[in-house]
Amino acid sequence: MFYNVAVHYEGSWNFKIDADSEDEACDMALKMFDEVDADDLISNLADVSVDGCWEGAVI
(Lines give C-alpha, C1' and ligand atoms only; values in the text may rest on other atoms or scores of the structure.)
Protein backbone atom coordinates (compact mmCIF):
# COMPACT_ATOMS: atom_id res chain seq x y z
CA MET A 1 0.00 0.00 0.00
CA PHE A 2 1.23 3.49 -0.80
CA TYR A 3 0.41 6.54 1.30
CA ASN A 4 0.42 10.24 0.54
CA VAL A 5 1.94 12.07 3.50
CA ALA A 6 1.95 15.86 3.84
CA VAL A 7 4.67 17.28 6.08
CA HIS A 8 3.96 20.71 7.54
CA TYR A 9 6.84 22.97 8.55
CA GLU A 10 7.35 26.46 9.82
CA GLY A 11 10.29 28.75 10.17
CA SER A 12 11.17 32.42 10.24
CA TRP A 13 14.01 34.71 9.29
CA ASN A 14 14.57 38.02 11.04
CA PHE A 15 16.09 41.14 9.48
CA LYS A 16 17.06 44.41 11.13
CA ILE A 17 16.24 47.09 8.57
CA ASP A 18 16.68 50.84 8.66
CA ALA A 19 13.76 52.27 6.66
CA ASP A 20 11.51 55.33 6.49
CA SER A 21 8.27 53.35 6.89
CA GLU A 22 6.93 49.93 7.83
CA ASP A 23 5.92 49.29 4.21
CA GLU A 24 9.42 50.09 2.99
CA ALA A 25 10.94 47.83 5.66
CA CYS A 26 8.62 44.97 4.63
CA ASP A 27 9.49 45.41 0.95
CA MET A 28 13.20 45.44 1.74
CA ALA A 29 12.90 42.34 3.94
CA LEU A 30 11.14 40.40 1.18
CA LYS A 31 13.92 41.31 -1.27
CA MET A 32 16.56 40.27 1.26
CA PHE A 33 14.71 37.03 2.00
CA ASP A 34 14.82 36.13 -1.70
CA GLU A 35 18.61 36.17 -1.43
CA VAL A 36 18.84 33.78 1.55
CA ASP A 37 20.50 30.50 0.56
CA ALA A 38 18.10 27.53 0.41
CA ASP A 39 20.39 25.38 2.57
CA ASP A 40 20.33 28.06 5.28
CA LEU A 41 16.53 28.11 5.15
CA ILE A 42 16.30 24.33 5.46
CA SER A 43 18.58 24.29 8.49
CA ASN A 44 16.29 26.84 10.17
CA LEU A 45 13.04 24.85 9.98
CA ALA A 46 11.00 24.55 13.15
CA ASP A 47 7.79 22.84 14.20
CA VAL A 48 7.98 19.98 11.68
CA SER A 49 5.02 17.60 11.88
CA VAL A 50 2.88 15.33 9.74
CA ASP A 51 -0.12 17.35 8.58
CA GLY A 52 -2.02 14.50 6.96
CA CYS A 53 -1.73 10.93 5.74
CA TRP A 54 -4.05 9.07 3.38
CA GLU A 55 -4.02 5.98 1.21
CA GLY A 56 -3.19 6.64 -2.39
CA ALA A 57 -2.08 5.11 -5.63
CA VAL A 58 1.20 5.51 -7.46
CA ILE A 59 0.72 7.34 -10.73
Quiz item: Would a hydrophobic clustering, with Ile, Leu, Val, Met, Phe, Trp and Tyr connected at side-chain separations under 4.5 Å, put Val50 with Tyr3?
Solution: yes
Quiz prompt | Val36-Met28 co-clustered via ILVMFWY side chain contacts under 4.5 Å | solution = yes
Quiz item: Around atom CZ of Phe15, are there more than 12 heavy atoms of other residues, nucleotides or ligands at under 6.0 Å?
Solution: yes
Quiz item: Once you round to the nearest 0.5 Å, how far does CD of Glu22 lie from CG of Asp27?
Solution: 11.0 Å
Quiz item: How many angstroms lie between CE in Met32 and CD1 in Ile17, if you round to the nearest 0.5 Å?
Solution: 5.0 Å
Exercise. Looking only at non-hydrogen atoms, find the nearest pair between Val5 and Cys53 and report the distance.
Key: CG2-SG, 3.7 Å
Exercise. Apply side chain to side chain contact (heavy atoms under 4.5 Å, CB included) to Val48 and Val7, showing your working.
Key: CA-CA 7 Å; Val48 177; Val7 176; 3.8 Å; yes
Quiz item: If you look only at pairs with a residue in residues 7-21, which of them pass as a side-chain hydrogen bond (donor to acceptor under 3.5 Å, both in side chains), with sequence neighbours excluded?
Solution: His8-Glu10
